[in-house]
Number of protein chains: 2
Amino acid sequence: MTSRSDLKEASLRRILTAGASRLRAEGLSGAAIAPVMQDAGLTHGAFYAHFNNKDELAAAAFRFALLDNRPRWMGQARKESWPGRLLRLGKRYLAMAHRDDLADSCALAALASDAARSNPGFKKVYEEELRKSLRAICNSPDEGRPIDPARLDDAIAFMALCVGGISLARAVDDPVFSEQILTVCRQAIQRMATPDNESTSNVEVPDHGKG
Amino acid sequence: MTSRSDLKEASLRRILTAGASRLRAEGLSGAAIAPVMQDAGLTHGAFYAHFNNKDELAAAAFRFALLDNRPRWMGQARKESWPGRLLRLGKRYLAMAHRDDLADSCALAALASDAARSNPGFKKVYEEELRKSLRAICNSPDEGRPIDPARLDDAIAFMALCVGGISLARAVDDPVFSEQILTVCRQAIQRMATPDNESTSNVEVPDHGKG
DNA sequence: GTTCTCGTATGATGTTGATCATGCGAAAGC
DNA sequence: GCTTTCGCATGATCAACATCATACGAGAAC
């Protein structure tokens with residue numbers, strides 16, 4: 001029934017899925033071959049039928065993680081203003097659900113520090129995926145055309161705030177403090193997205209009260 | 001001349017210095033005991049006279065990195081507006097010099113993703129140091145009193161943008177793109193810091209031209 | 001100056017992990 | 001149906017690494 005090439009393809013998919021999860025949960029150096037293969041229902045020996053070395057897995061799994069997640073995040077094309085788009089994406093990104101689901105989270109944030117320490121090969125992959133995500137944020141699916149520069153700048157600042165915000169929120173131990181970080185960053189995106197005194201629906205109101 | 005306790009203290013200082021560098025350059029799991037001890041001019045066996053295990057070194061070296069860097073960054077107390085302070089700090093943080101000097105950089109950024117994956121013990125340490133840095137940004141040296149809440153929120157968003165920005169700038173391979181990330185984030189801090197249409201000196205002008 | 005203390009060095013141990021050589025068994029080709 | 005192919009499993013090898021037991025040797029205490 002299932003030809004060997006189909007089998008291999010399915011195995012590769014399982015390896016990539018497992019690798020993408022472990023990569024985000026345990027980092028570049030943490031995601032070891034044997035556990036990934038075990039997650040995929042295979043033994044460590046089979047690994048080298050699919051990749052030449054661990055670095056290749058890291059690059060492929062990183063790509064896979066974003067290939068898998070990006071469409072889910074961007075959703076269908078819809079009518080929305082540019083600030084409204086950033087607000088909507090930021091609200092979902094800087095959320096507790098995303099913060100707590102590290103293994104299925106945005107790989108750009110989960111591996112930011114790791115990529116900063118990595119070899120140029122992995123940085124190249126990281127850069128490509130970041131560019132694709134920025135393009136997706138800007139809603140410019142046409143890869144041939146350049147992105148509108150003003151929007152690209154907005155998207156870069158947006159991504160930096162998102163990556164930094166969720167990283168800090170994950171790195172602290174106190175859940176109250178962690179939520180505060182997420183909330184403040186969402187509000188910062190609002191201020192960043194709405195150029196001036198425009199009133200926006202669903203505006204989060206800063207609350208400095210004690211209760 | 002040098003008593004044994006003086007010797008041990010000096011050794012500990014060298015271990016912490018080396019550990020703090022390697023921690024930032026190679027991450028939580030990358031900074032191994034033997035290389036750190038070698039950097040400190042000792043052999044691996046001496047390690048356990050100073051720490052019970054590797055986790056203790058990580059926590060102590062992380063603290064040391066920030067204890068060492070924070071005063072250098074904040075500088076002397078000076079007269080400056082709150083937006084002016086954020087602008088000044090952001091300009092220095094989101095700079096190529098800081099981006100390229102990973103081993104002596106801000107540990108909060110260098111280890112953000114690592115801390116996100118770490119055990120609660122390290123997260124607690126990370127959180128304490130983050131709180132101290134936020135307090136320092138807010139220029140409230142009195143540890144007893146709470147920080148002005150509005151300033152704290154500003155400082156949190158500021159830190160998130162700084163951490164995310166420099167992490168992204170380090171993670172990409174193309175130096176032009178990397179500089180663009182830094183520039184855009186500095187501009188975002190300007191917009192974030194100046195509430196409305198206030199004119200500020202030394203404003204960076206966005207440049208979307210091709211030349 | 002003899003003994004004790006303790007900071008450090010040497011060396012061992014057990015573990016983890018990357019990589020590869022080899023072999024099995026089922027599908028593919030004839 | 002026989003042979004070949006090849007995806008996968010088993011097992012070995014080698015290196016890195018955390019941890020600990022033991023020993024040395026110089027300062028400290030008397």
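Every chain is numbered from 1 and lettered A, B, ... according to where its sequence line falls, protein lines coming before strand lines.
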Checklist entry - Which ones in residues 44-63 of chain A lie close to DNA chain D, meaning a heavy atom under 4.0 Å from one of its atoms? => result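 A/His44, A/Gly45, A/Ala46, A/His50 - these, ordered by number, are the residues of the stretch whose heavy atoms sit under 4.0 Å from the strand.
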Item to check | Sorted by number, the residues of residues 26-34 of chain B with heavy-atom contact under 4.0 Å to DNA chain D | outcome: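 Those residues are B/Ala32, B/Ile33.
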Atom [atom1] of [X] and atom [atom2] of [N]: how far apart are they, to the nearest Å?
X       : N      : atom1 : atom2 : value
B/Leu42 : C/dT10 : CG    : P     : 11 Å
A/Gln38 : C/dG17 : CD    : P     : 11 Å
B/Met37 : C/dT10 : CE    : C1'   : 13 Å
B/Glu9  : C/dC6  : CD    : P     : 16 Å
B/Leu12 : C/dT8  : CG    : C1'   : 14 Å

[atom1] of [X] to [atom2] of [Y]: how many Å apart, nearest 0.5 Å?
X        : Y        : atom1 : atom2 : answer
B/Asp104 : B/Arg24  : CG    : CZ    : 5.0 Å
A/Met159 : B/Leu161 : CE    : CG    : 12.0 Å
A/Ile181 : B/Leu130 : CD1   : CG    : 5.5 Å
B/Arg135 : B/Ile147 : CZ    : CD1   : 4.5 Å

Checklist entry - Hey, which of A/Glu128, A/Glu127, A/Glu56 is the one that makes salt bridge (charged side-chain N to carboxylate O under 4.0 Å, His left out) with A/Arg63? => result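 Filter result, single survivor: A/Glu128.
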Next on the checklist: salt bridge (Lys or Arg N to Asp or Glu O under 4.0 Å), that's the test. Do B/Asp114 and A/Arg117 meet it? Break it down for me.
Outcome noted: CA-CA 12 Å; B/Asp114 298 80; A/Arg117 292 188 284 266; 2.6 Å; yes
Item to check | Between the first and last five pairs of the helix from C/dG1-D/dC30 to C/dC30-D/dG1, the angle of the axes, rounded to 10 degrees | outcome: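 About 10°, once rounded to a multiple of 10°.
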Checklist entry - Between the side chains of B/Ser178 and B/Arg170, is a donor N or O closer than 3.5 angstrom to an acceptor N or O? => result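 Looking only at side-chain atoms, B/Arg170 and B/Ser178 do not form any donor-acceptor pair under 3.5 Å.
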Checklist entry - OP1 or OP2 of C/dT8 sitting under 4.0 Å from any side-chain N/O of B/Ser11? => result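 True: B/Ser11 side-chain N/O within range (under 4.0 Å) of C/dT8 OP1/OP2.
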Checklist entry - Do A/Phe62 and A/Leu108 have side-chain heavy atoms sitting under 4.5 Å apart? => result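 Touching, per the 4.5 Å side-chain cut-off.
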Item to check | A/Leu28 side chain near A/Ser118 side chain, heavy-atom distance below 4.5 Å | outcome: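 In short, these two side chains touch, coming nearer than 4.5 Å.
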Item to check | Mutual orientation of the aromatic rings belonging to A/Tyr93 and A/His98 [parallel < 30°, tilted 30-60°, perpendicular > 60°] | outcome: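 A/Tyr93 and A/His98: perpendicular rings.
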Next on the checklist: Quick check on A/Arg13: does its CZ atom have over 12 non-hydrogen neighbours (other residues, nucleotides or ligands) under 6.0 Å away?
Outcome noted: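 12 or below, so no.
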